[in-house]
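Before any comments, here is the structure.
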Amino acid sequence: MRYDDKYEKTEDRLTEAIDYIDDLTKDRFIASLYVRQISPIDVQIRLAEVRRCLSTVNGESLRLAKLELTYNKDFAVADNQRFTTAERLFNRLRSSMSIIRRELRKSCPIIRRRPINPNIRPSVFERSVLTKGCCARDLFDITTFDDNVQALYYEERALFANVILSLAICYRVIKEERETKANPELCVQRLDEQCERILAELEGVIDNMKEIPECEIQKQIDQMGKNAYAQKNFHERPIEEVREYAIYHAQQIARDNQLSTDMALSFRNLNRAADALVVIAHFDELRPSKRKMMEALKIRLFCNWCDGGEVDNPKQKYYKTLVKYYNGKQEQFPQWHAITTCKGRCDMDKEQKKFNEEIDELLKKYKNTDEKIAS
């Protein structure tokens, strides 16, 4: 009689598979040796096969662990309209489940009689003595068997443990996805965070991109509201739509504030972005110097001011903004490494406070004039 090793790629089957595979015990393993009456050479063959499969299964569990880190942090994921989450995750451990089904099939009792209904075949998950099948307790412990049998047991336990880990990761991913979908504010947060990551990847090139006149996501948000849209479409829309929305939104903010798109992305405070252009236009008036090389400390203080003016944690994006828009007399800029290593020369808190005051005076002098500064 043949056994059926098919399984549905559903969440219910996922939890059942965890229960089945977790039932491997020493008694069940010993019983599996008697089911097929395997010889010592067969034990060695199976041991070699299990060790070969273990690396495959371990690789899949590691890839799933990596997927778990980011999957529910993204509003849109690859192929998110082609499959259900359970089916997609089962497909990611295809080799693991194939190996497990093969192991279970080897431990199913051989039945010679003709089945009453040949179209109905018992499942290997139900009949394998390694999982749910009937299993008598052996009189002897696993330690009474030879080294190859004991090695096979521990290697098979490791194999099953890796598959259980993979299945557990899949279950956690599905559970977290369901919890995220139940929280509209969290869905909005995931949408905004993914947009920020997309725009960070486009830093420096977004100004050269064609302007997007309209955006499908924005139209739906205008109709439904952002919370309702994000909750309904979490893990439902393609990444391309989210990328288009991110670019459209950034271009709209830049247009409304008469800034370049790069400037609008670099500065969370758009008023500070407009002020930065004024400061850059008159940068030579701040601590003037006749040297060709601009002072690294001055640039560091400027970067801190762009980021709020209090925390000494210069960000390179403000340095790039200065380089891009500076049109003064000094011809050379120090390398970014020189800017990050010039801290120990003075009292940074005191120096930053003084520099911020100098910028305030500069803005009072030039901010409200009719001078037009190119953005």
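Start at 1 with the first residue, then count along the sequence.
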Here's a test for you: under salt bridge (charged side-chain N to carboxylate O under 4.0 Å, His left out), which of Arg172, Lys73, Lys175 qualifies with Glu68? Arg172

Salt-bridge contact Arg94-Glu60 (side-chain N to carboxylate O under 4.0 Å): no

Ion pair check, Glu351 and Arg287, cut-off under 4.0 Å: yes

So that I can tick it off, tell me whether Glu49 and Arg102 are bridged by a salt bridge, with the cut-off set at under 4.0 angstrom between side-chain N and carboxylate O. no

Considering the options Val163, Leu62, Leu93, which one meets the side-chain contact (heavy atoms from CB on, under 4.5 Å) requirement together with Val57? Val163

Mark yes when over 12 heavy atoms from residues, nucleotides or ligands other than Glu214 sit less than 6.0 Å from its CD; otherwise mark no. no

Kindly compute the distance separating CD (Glu211) from CD (Gln251), expressed to the nearest 0.5 Å. 5.5 Å

For Trp305, does the six-membered ring have the charged nitrogen or CZ of Arg272 within the cation-pi criterion, i.e. under 6.0 angstrom from the centroid and within 45° of the normal? yes

Interatomic distance, Glu244 atom CD to Glu240 atom CD [nearest 0.5 angstrom]: 10.0 Å

Is it true that atom NZ of Lys232 has more than 12 heavy atoms of other residues, nucleotides or ligands lying nearer than 6.0 Å? no

Can a donor-acceptor pair be found, under 3.5 Å and without considering hydrogens, that links the side chain of Asn72 to the backbone of Val173? yes

Please tell me if the side chains of Pro334 and Ile339 come closer than 4.5 Å, counting only heavy atoms from C-beta onward. yes

Are the side chain of Gln194 and the backbone of Val242 linked by a donor-acceptor contact shorter than 3.5 Å? no

Less than 3.5 Å apart, any donor N or O on the side chain of Arg88 or Tyr71 sitting next to an acceptor on the other? yes

If the test is side-chain contact (heavy atoms from CB on, under 4.5 Å), which one of Arg51, Arg157, Arg46, Gln44 qualifies with Leu152? Arg46

Between the side chain of Asp146 and the main-chain N/O of Val149, is any donor-acceptor distance below 3.5 Å? yes

Between Phe333 and Tyr326 (judged by ring centroids, cut-off 6.0 Å), do the two rings come close enough to count as a pair? yes

For Lys226, is there an ion pair with Asp192 - N to carboxylate O distance below 4.0 angstrom? yes

I'd like to check Tyr153 versus Gln150 (side-chain heavy atoms, cut-off strictly below 4.5 Å). Are they in contact? no

Could you tell me if the ring centre of Phe302 sits under 6.0 Å from that of Phe283? yes

Using every non-hydrogen atom in the two residues, find where Phe234 and Asp74 come nearest and quote the distance to one decimal. CE1-O, 3.6 Å

Would you name the heavy atoms of Asp275 and Leu363 that are closest together and state the gap between them? O-CD2, 3.7 Å

Which is it for Ile280 and Thr321 under the side chain to side chain contact (heavy atoms under 4.5 Å, CB included) test, yes or no, and what are the steps along the way? CA-CA 9 Å; Ile280 293 171; Thr321 299; 4.1 Å; yes

Return yes if some donor-acceptor pair links the side-chain N/O of Asn58 with the main-chain N/O of Ser55 below 3.5 Å, else return no. no

Counting only N and O atoms by type, is there a donor-acceptor contact under 3.5 Å from the side chain of Arg300 to the main-chain atoms of Thr340? yes

Considering all heavy atoms, the nearest Leu199-Ala246 contact: CD2-O, 3.7 Å

One pair to check against salt bridge (charged side-chain N to carboxylate O under 4.0 Å, His left out): Lys329 and Asp284. What are the steps and the verdict? CA-CA 7 Å; Lys329 297 179 180 179; Asp284 288 347; over 6 Å; no

Got a sec: does the NZ of Lys181 have more than 12 other heavy atoms crowding it under 6.0 Å? yes

Look only at the side chain of Asn183 and the backbone of Leu186, and say whether a donor-acceptor pair between them is shorter than 3.5 Å. yes

Donor-acceptor pair, side chain of Lys9 and main chain of Asn91, under 3.5 angstrom: no

Sidechain N-carboxylate O distance under 4.0 Å for Lys219, Glu216: yes

